[in-house]
There are 2 protein chains.
Amino acid sequence: MSQSDTVRRILDTAEVLFAQKGFAETSLRAITGKAGVNLAAVNYHFGSKEALIQAVFERYLTPFCQALSVKLRELELDDDPLSLERLLTVASRLALGSGTEEPRRAMIFFRLAGQAYSQPQDHLRAYLRKHYGDVFNQFTTLLRRTAPDVPPVELFWRVHFSLGAVIFTLSGMESLQTISKKDFNRSVSASDIAQHLLPFVVGGIKGS
Amino acid sequence: MSQSDTVRRILDTAEVLFAQKGFAETSLRAITGKAGVNLAAVNYHFGSKEALIQAVFERYLTPFCQALSVKLRELELDDDPLSLERLLTVASRLALGSGTEEPRRAMIFFRLAGQAYSQPQDHLRAYLRKHYGDVFNQFTTLLRRTAPDVPPVELFWRVHFSLGAVIFTLSGMESLQTISKKDFNRSVSASDIAQHLLPFVVGGIKGS
DNA sequence: GTATGTTTCAAACGTTTGCTTCGATCCCGG
DNA sequence: CCGGGATCGAAGCAAACGTTTGAAACATAC
């Protein structure tokens, strides 16, 4: 146990602050201040702010995509005809997890994804495509099987539309503090949204 | 000719640069430099960078929402039963316009909208809701008539999902351009997207 | 032509940013 | 007990930022 939890504290704080305020608007001083670590720790452990941003994504995305890839492979080898609902439910369940903290982190991360997409963080987009493009292709390949009557080019578009629906919605949710106080004020949770989202996406992908 | 075109040049340049790089990442020096005006002109004419951002939105959104409101009122008074497709087509046609330059500006503006939403520019969101909330309500009221079998709360969600689909897609356009071009060997225009988007939104709003 | 009000300009202001450096301290394995 | 990586507080760097200023340039009215 030679390394302490400074790295984890930085990542935890950066994850929340980036999601709340955006990348450019979140200074290293704000992160290190709230994390209770020294300002120099970020550049000591990560090298730069850009590398920190990538590390935040990697910590969330790598285990998720690994798990997703496993689940998708199970579905691939399954003999039963795969329904669109089943595929989307599997992905959704995986993102929301089984615990109580995971949906909150999922929402935080979707906010991050929204910022990564609309803000032209080119380095981030390149990084995401390079590291997680395979799982995405695996998913779309499987999706094509569930909607064989939809032309591939049309399916391509509708996948992006669906991604936009969920990311945009979760990005636009009220501040994360009020969400975290789930006992009070009964604000919407990630699983609430998923429940509403599923019929929308299914209907959208199948088309009019 | 007491007023010069400095204001217009600033707005034109800011519109493009904000859409390309985001609000925080676009400096006043970049805007004024590219526009060929003095740095102080922004604060002289608009007062602040925040006010400039609002002015960019207002210049596009005010005439559009006025025109949309007129069109919607026509549909309200129409005796024919209003179909969901017709309502969406009217809005889409209006956004894309009839000229050749309007679709491009529409795409630029949708990128702006995406940044305004995912970046927590609270002042902007409050401003948009305050100034253009009425037209939005007018639209949703009309939409409810076209999908009477969908519960209002569900419809509310699906409108937001649809908004997310279009804004997110157009926000990520330039990357989608390259992806689509590579995978399917064809480039994309705003009206292309609208064409793909319509069946998706119709299917999504009607649900699975 | 002179007065008046508006617009443009170069320059500077004060602040914040990401990042680096420095020596002192702390913690832990050898 | 000792040595090396980790962390700290503090200070400072150059660059970039939004904003302000005072004077010059301009247009317009009398």
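These values consider heavy atoms only, across backbone and side chains, with no hydrogens, waters or symmetry-generated copies. In what follows, chains carry the letters A, B, and so on, assigned in the order in which the sequence lines appear, proteins first and then strands, with residues in each chain numbered from 1.
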Practice prompt. Determine: side-chain N/O of A/Y44 to OP1/OP2 of D/dA6, distance under 4.0 Å, yes or no.
Written response: yes

Fill in: Any B/H45 side-chain N or O less than 4.0 Å from OP1/OP2 of C/dT8
yes

Worksheet, complete the sentence: Rounded to whole Å, the CG-P distance (A/D5 to D/dG5) equals 20 Å

Worksheet item: Tell me: CD1 of A/I10 to C1' of D/dA6, nearest whole Å?
Response: 12 Å

Worksheet item: Between CD of B/E85 and CD1 of B/I205, what distance do you get to the nearest 0.5 Å?
Response: 10.0 Å

Discussion item. Check this for me: does any side-chain nitrogen of one of B/D5 and B/R8 sit under 4.0 Å from a carboxylate oxygen of the other?
Written reply: yes

Worksheet item: Which pairs count as salt bridge (charged side-chain N to carboxylate O under 4.0 Å, His left out) when at least one residue sits in residues 134-147 of chain B, sequence neighbours excluded?
Response: none

Please output the side-chain donor-acceptor pairs of residues 60-68 of chain A that fall under 3.5 Å, not counting sequence neighbours, one pair per line with the distance.
| residue | atom | partner | partner atom | Å |
| --- | --- | --- | --- | --- |
| A/T62 | OG1 | A/E58 | O | 3.2 |
| A/T62 | OG1 | A/Y132 | OH | 2.8 |

Worksheet item: Do A/F200 and A/H196 have their ring centres less than 6.0 Å from each other?
Response: no

Discussion item. Determine whether a donor-acceptor pair (N or O, by modelled atom type, separation under 3.5 Å) exists between the side chain of A/T169 and the backbone of A/A165.
Written reply: yes

Please list, for nucleotides 17-19 of chain D, all pairs of protein and nucleotide N/O atoms separated by less than 3.5 Å.
| residue | atom | partner | partner atom | Å |
| --- | --- | --- | --- | --- |
| D/dC17 | OP1 | B/S27 | OG | 3.2 |
| D/dG18 | OP1 | B/K49 | NZ | 2.7 |
| D/dG18 | OP2 | B/L28 | N | 2.9 |
| D/dG18 | N7 | B/R29 | NH1 | 2.7 |
| D/dG18 | O6 | B/R29 | NH2 | 2.7 |
| D/dT19 | OP2 | B/N43 | OD1 | 3.4 |
| D/dT19 | OP2 | B/K49 | N | 3.0 |

Discussion item. So, does B/N38 get its side chain near the phosphate of C/dA10, meaning an N or O under 4.0 Å from OP1 or OP2?
Written reply: yes

Discussion item. For a quick check of understanding: with a heavy-atom distance under 4.0 Å over all strands, which category does A/G36 fall into, base, sugar-phosphate or nothing?
Written reply: sugar-phosphate

